[in-house]
Amino acid sequence: MRAPIPEPNPGDLIEIFRPLYRHWAIYVGDGFVVHLAPPSEIAGAGAASLMSALADKAIVKKELLYDVAGRDKYHVNNKHDDKYTPLPPSKIVQRAEELVGQEVLYKLTSDNCEHFVNELRYGVSRSDQVRDAVMAAGIAGVGMAALGLIGVMLSRNKQQKQ
């Protein structure tokens, strides 16, 4: 039997491991989290909830962590505490609670659930998932360009020998 996951502290960032991406929430106490959820986001929906990333609006929801995570694994991940000073937990929770029920702009690249929770905890809107995806796309693009250039050079070399 696995050891129970310790109760997060109010203001902690919760990283939920969905298939293909990470969903983020902020713990507000008593088993509840506040998170940014596109209207089609269904807790525990897995890959199907990836379609919710195409929405342009989201709703700030307060739900039980257990329900939001569903069958997906999760853990506390206050990964930017070494770069930014977290706001006091009471302030984080107050700010999160004040937003519950509001419909907000949602953009996968600039206003997603990770941006949302980092803004609440640190006052800094950022998403490493987006940064990492952009870097990977850039690296892939450079690789494709290099392959194309090699192809052109090989083609020219072959033509010159004929």
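These numbers were taken from a predicted model, which means no experiment stands behind them.
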Whether [X] side chain and [Y] backbone form a donor-acceptor pair below 3.5 Å:
{"X": "Asn78", "Y": "Asp81", "value": "no"}
{"X": "Asp67", "Y": "Leu64", "value": "no"}
{"X": "Arg126", "Y": "His115", "value": "no"}
{"X": "Tyr27", "Y": "Ile14", "value": "no"}

Among Asn118, Leu36, Ile92, Val33, whose side chain to side chain contact (heavy atoms under 4.5 Å, CB included) with Ile26 holds? Ile92

[X] versus [Y], closest heavy-atom pair with distance:
{"X": "Tyr74", "Y": "Ala69", "result": "CD2-CB, 3.6 Å"}
{"X": "Asp72", "Y": "Arg18", "result": "OD2-NH1, 2.8 Å"}
{"X": "Val60", "Y": "Ala96", "result": "CG1-O, 4.5 Å"}
{"X": "Gly29", "Y": "Pro10", "result": "CA-CG, 4.4 Å"}
{"X": "Ala25", "Y": "Val117", "result": "C-CG1, 3.5 Å"}
{"X": "Asp82", "Y": "Lys79", "result": "OD1-O, 3.3 Å"}

Would you please classify the geometry between the His80 ring and the Tyr122 ring as parallel, tilted or perpendicular, with 30° and 60° separating the classes?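 Rings of Tyr122 and His80: perpendicular, as their planes differ by over 60°.
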
Aromatic plane relationship, His35 with His23 - under 30° parallel, 30 to 60° tilted, over 60° perpendicular: perpendicular

Return the SG to OH distance between Cys113 and Tyr106, rounded to the nearest 0.5 Å.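 The SG atom of Cys113 sits 5.0 Å away from the OH atom of Tyr106.
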
Check the pair Phe116, Val104 against side chain to side chain contact (heavy atoms under 4.5 Å, CB included), reporting the backbone distance first and the verdict last. CA-CA 10 Å; Phe116 176 75; Val104 296; 5.8 Å; no

Salt bridge (Lys or Arg N to Asp or Glu O under 4.0 Å) against Glu119, all qualifying residues, sequence neighbours excluded: Arg95

Are Val93 and Leu120 side-chain neighbours, meaning at least one heavy-atom pair lies under 4.5 Å?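 Val93 does not reach Leu120 side chain to side chain.
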
Between Val34 and Glu63, is there a side-chain heavy-atom distance shorter than 4.5 Å? no

Pick from Glu97, Lys91, Glu98: which one makes a side-chain hydrogen bond (donor to acceptor under 3.5 Å, both in side chains) with Gln94? Glu98

Looking at residues at least two apart in the chain, or sitting in another chain, which of them share a side-chain contact (heavy atoms from CB on, under 4.5 Å) with Asp111? Leu105, Lys107

side-chain contact (heavy atoms from CB on, under 4.5 Å) against Tyr66, all qualifying residues, sequence neighbours excluded: none

In one Ile/Leu/Val/Met/Phe/Trp/Tyr side-chain cluster, 4.5 Å: Leu13, Phe17: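 No; Phe17 is not reachable from Leu13 via cluster members.
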
Does NZ or CZ of Lys62 lie under 6.0 Å from the centre of the six-membered ring of Phe32, at an angle within 45° of the ring axis? yes

Do the charged groups of Glu114 and Arg22 touch, with an N to O distance under 4.0 Å? no

